[in-house]
Visitor: 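Below is the structure I would like to discuss, written out as structure tokens.
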Amino acid sequence: MTVAFLRIAIVLGLLTAVGPFAIDMYLPALPSIGADLNAGTAAVQMSLLVFFLAMGFAQIVVGPISDMIGRKAPLYLGLVLFVIGSVGSALAADIEWLIGFRFVQGLGASAGMVVPRAVVRDLHTGVEAARLMSLLMLVFSISPILAPLTGSVIIEAFGWRAVFWAVTIAAVLATVLLSTALKETRPRELRVGSSFGSALAGYRFLMGNAKFLGLSLIGGFGIASFFVYLASSSFVLIDHYGLSPSLYSVFFSINAVAFFTMSQLTGTLTERFGLRRVVRVAVAGFATAMVTLLAVMASGFQPLWVMAALLFVGYGFLGLVIPSTSVLAMDDHGEIAGTASALMGTLHFATGAVAMAIAGQFFDGTPLPMVTGIAACAVIALAMTQITLGRAREAAPAAAE
């Protein structure tokens with residue numbers, strides 16, 4: 001593994017993490033934002049939901065643009081929008097303004113989600129792509145480990161508005177990093193023929209590709225389970241179980257440790273067993289852990305340590321699922337990598353936003369609605385795996401198995 005390989009992973013990982021940092025630092029503040037702005041739980045959760053929707057659906061536009069004009073320019077524009085949204089959120093006088101600026105912030109964050117995946121596909125395929133994607137996940141996972149802890153410290157010392165000033169600084173630093181440490185990976189000659197018309201044709205092709213859709217939805221429902229957790233966990237753990245914002249941040253970080261630790265095994269396991277087998281086993285383990293958690297909680301036995309243990313195991317398996325399905329979905333579409341990455345990202349976030357909205361309708365302050373939503377997503381991901389990889393095996397080269 002060369003120094004250049006590691007440098008690219010660090011740069012792409014940090015660019016990808018800017019958006020999630022604006023989520024994870026923000027989570028410990030949700031109850032206090034509601035109190036400060038006189039907003040109910042549903043309204044405060046809406047400020048999270050619109051961020052996800054904007055970040056997800058804007059990728060549909062950003063991906064093709066990165067195919068047409070290169071990878072770096074959309075990243076610069078995204079960072080500018082992110083800064084505008086962050087400053088506006090910090091100055092918001094009521095929940096409506098906060099929701100509006102969070103939408104702008106999400107639009108900006110979309111570039112950091114879609115373009116780095118396209119850069120990975122520009123540079124590598126197969127096992128090497130899986131290694132780079134897993135390293136990207138390692139850097140990306142710094143966010144859910146450090147962000148809640150950092151956020152809780154900032155909130156307790158300076159209030160929730162300071163969180164948005166902190167992510168503004170992070171975006172400025174990311175802009176400097178982009179300008180100095182990442183070269184353009186989409187040469188001009190490859191941009192010829194790329195247009196919104198070709199993007200629409202690409203989207204039509206990908207929407208008819210069962211393998212691509214299936215793999216994207218496997219990852220999408222895995223991510224959706226985490227979105228359900230994001231939307232409800234601060235209320236469940238702080239209000240129901242009585243954790244302080246700092247202890248909540250520690251609890252949240254434990255799951256991130258499981259995710260990124262397992263994600264680092266992706267390259268090694270893929271080289272030995274193949275991407276498809278890794279996905280099948282990992283999704284089965286993820287679903288087993290989450291269904292077990294639901295069964296225990298539904299029985300009325302709801303100690304915090306049980307939730308912590310089973311979420312740790314489940315999200316550990318998910319750490320193998322996300323990079324593996326992303327690489328498999330992108331492998332055959334290098335010529336439209338930006339478009340493919342955009343559609344995959346949009347499917348991920350749209351699935352997560354829908355799951356979050358549905359679970360939010362049943363939230364009652366107890367753990368059961370949240371756990372039910374998480375388990376439902378895991379079961380659907382397992383069903384999609386059985387359907388998709390059964391079809392994919394028929395067309396897959398023997399070497400990929």
Side-chain angles (χ1 to χ4, degrees), residues 2-25 51 54-56 58-89 104-124 129 131-144 146-147 150 163-188 190-191 194 323 326 330 337-342 344-345 349:
T2 65
V3 173
F5 193 90
L6 289 171
R7 184 179 68 249
I8 291 170
I10 291 170
V11 173
L12 295 179
L14 290 175
L15 287 169
T16 303
V18 168
F21 219 77
I23 300 167
D24 300 331
M25 283 185 72
F51 183 93
M55 186 161 60
Q59 294 182 49
I60 286 287
V61 177
V62 175
I65 288 175
S66 77
D67 284 339
M68 288 185 280
I69 67 174
R71 308 303 185 200
K72 294 187 70 171
L75 285 169
Y76 283 123
L77 177 59
L79 287 166
V80 170
L81 286 174
F82 184 87
V83 167
I84 293 171
S86 299
V87 172
S89 296
V104 174
Q105 195 183 40
L107 292 177
S110 66
M113 299 303 296
V114 65
V115 177
R117 283 194 302 263
V119 172
V120 171
R121 181 55 186 82
D122 288 342
L123 299 173
H124 300 288
R131 290 187 187 279
L132 182 53
M133 191 70 76
S134 64
L135 282 172
L136 191 154
M137 287 291 106
L138 173 60
V139 180
F140 173 77
S141 295
I142 291 172
S143 172
L146 295 182
T150 305
V163 167
F164 293 106
W165 293 116
V167 297
T168 299
I169 294 171
V172 172
L173 292 176
T175 304
V176 174
L177 190 67
L178 173 62
S179 65
T180 58
L182 184 66
K183 295 181 179 179
E184 179 59 62
T185 61
R186 178 80 169 172
R188 291 185 179 276
L190 293 181
R191 303 176 203 171
S194 294
S326 297
M330 298 277 290
T339 301
S341 177
M344 180 170 63
F349 280 88

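Index from 1, following the sequence.
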Visitor: Taking the side chain as everything from C-beta on, heavy atoms only, tell me whether Phe82 gets closer than 4.5 Å to Val104.
Guide: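 A side-chain contact under 4.5 Å is absent here.
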Visitor: What heavy-atom pair brings Ala174 and Leu15 nearest, and what distance separates the two atoms?
Guide: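 In terms of heavy atoms, the two residues are closest at O-CD2, 3.9 Å.
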Visitor: Which residues pass the ring-ring contact (aromatic ring centres under 6.0 Å, His included) test with Phe164, not counting sequence neighbours?
Guide: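 Applying ring-ring contact (aromatic ring centres under 6.0 Å, His included) to Phe164 gives Tyr26.
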Visitor: Is there a side-chain contact between Ile23 and Met55 (heavy atoms, below 4.5 Å)?
Guide: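 Heavy-atom side-chain distance check passes, below 4.5 Å.
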Visitor: Start with the C-alpha gap between Leu77 and Val62, add the side-chain angles, then the distance that decides, and say whether side-chain contact (heavy atoms from CB on, under 4.5 Å) holds.
Guide: CA-CA 10 Å; Leu77 177 59; Val62 175; over 6 Å; no
Visitor: Listed by chain and number, what are the side chain to side chain donor-acceptor pair (under 3.5 Å) partners of Ser110, not counting sequence neighbours?
Guide: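 Once residues adjacent in sequence are excluded, Ser110 has no partner under the side chain to side chain donor-acceptor pair (under 3.5 Å) criterion.
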Visitor: How far does CG of Leu79 sit from OG1 of Thr175, to the nearest 0.5 angstrom?
Guide: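 Leu79 CG to Thr175 OG1: 4.0 Å, rounded to 0.5 Å.
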Visitor: For Ser179 versus Val176, what's the shortest heavy-atom pair and its separation?
Guide: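 That would be OG-O, 2.8 Å.
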Visitor: Which pairs, with at least one residue in residues 66-84 and sequence neighbours excluded, count as a side-chain hydrogen bond (donor to acceptor under 3.5 Å, both in side chains)?
Guide: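 Sorted result for residues 66-84: Ser66-Arg71, Asp67-Arg71, Asp67-Thr339, Arg71-Asp122.
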Visitor: State, yes or no, whether a side-chain contact exists between Gln105 and Val167 at a heavy-atom distance under 4.5 Å.
Guide: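 Gln105 vs Val167: side chains touch.
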Visitor: Sequence neighbours excluded, which residues qualify as side-chain contact (heavy atoms from CB on, under 4.5 Å) partners of Ala166?
Guide: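 Result, side-chain contact (heavy atoms from CB on, under 4.5 Å) vs Ala166: Met25, Ile154.
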Visitor: Side-chain donor-acceptor pairs under 3.5 Å in residues 111-119, sequence neighbours left out?
Guide:
residue: Arg117; atom: NE; partner: Ser341; partner atom: OG; Å: 3.0
residue: Arg117; atom: NH1; partner: Met113; partner atom: O; Å: 3.3
residue: Arg117; atom: NH2; partner: Gln59; partner atom: OE1; Å: 3.2
residue: Arg117; atom: NH2; partner: Ser341; partner atom: O; Å: 2.8
residue: Arg117; atom: NH2; partner: Ser341; partner atom: OG; Å: 3.4

Visitor: If you measure from CD1 on Ile84 to OG1 on Thr168, what distance do you get to the nearest 0.5 Å?
Guide: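 Rounded to the nearest 0.5 Å, the CD1-OG1 separation comes out at 10.5 Å.
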Visitor: Leu177: which residues meet the side-chain contact (heavy atoms from CB on, under 4.5 Å) condition with it, sequence neighbours left out?
Guide: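 Only Val11, Leu14, Ala181 meet the side-chain contact (heavy atoms from CB on, under 4.5 Å) criterion with Leu177.
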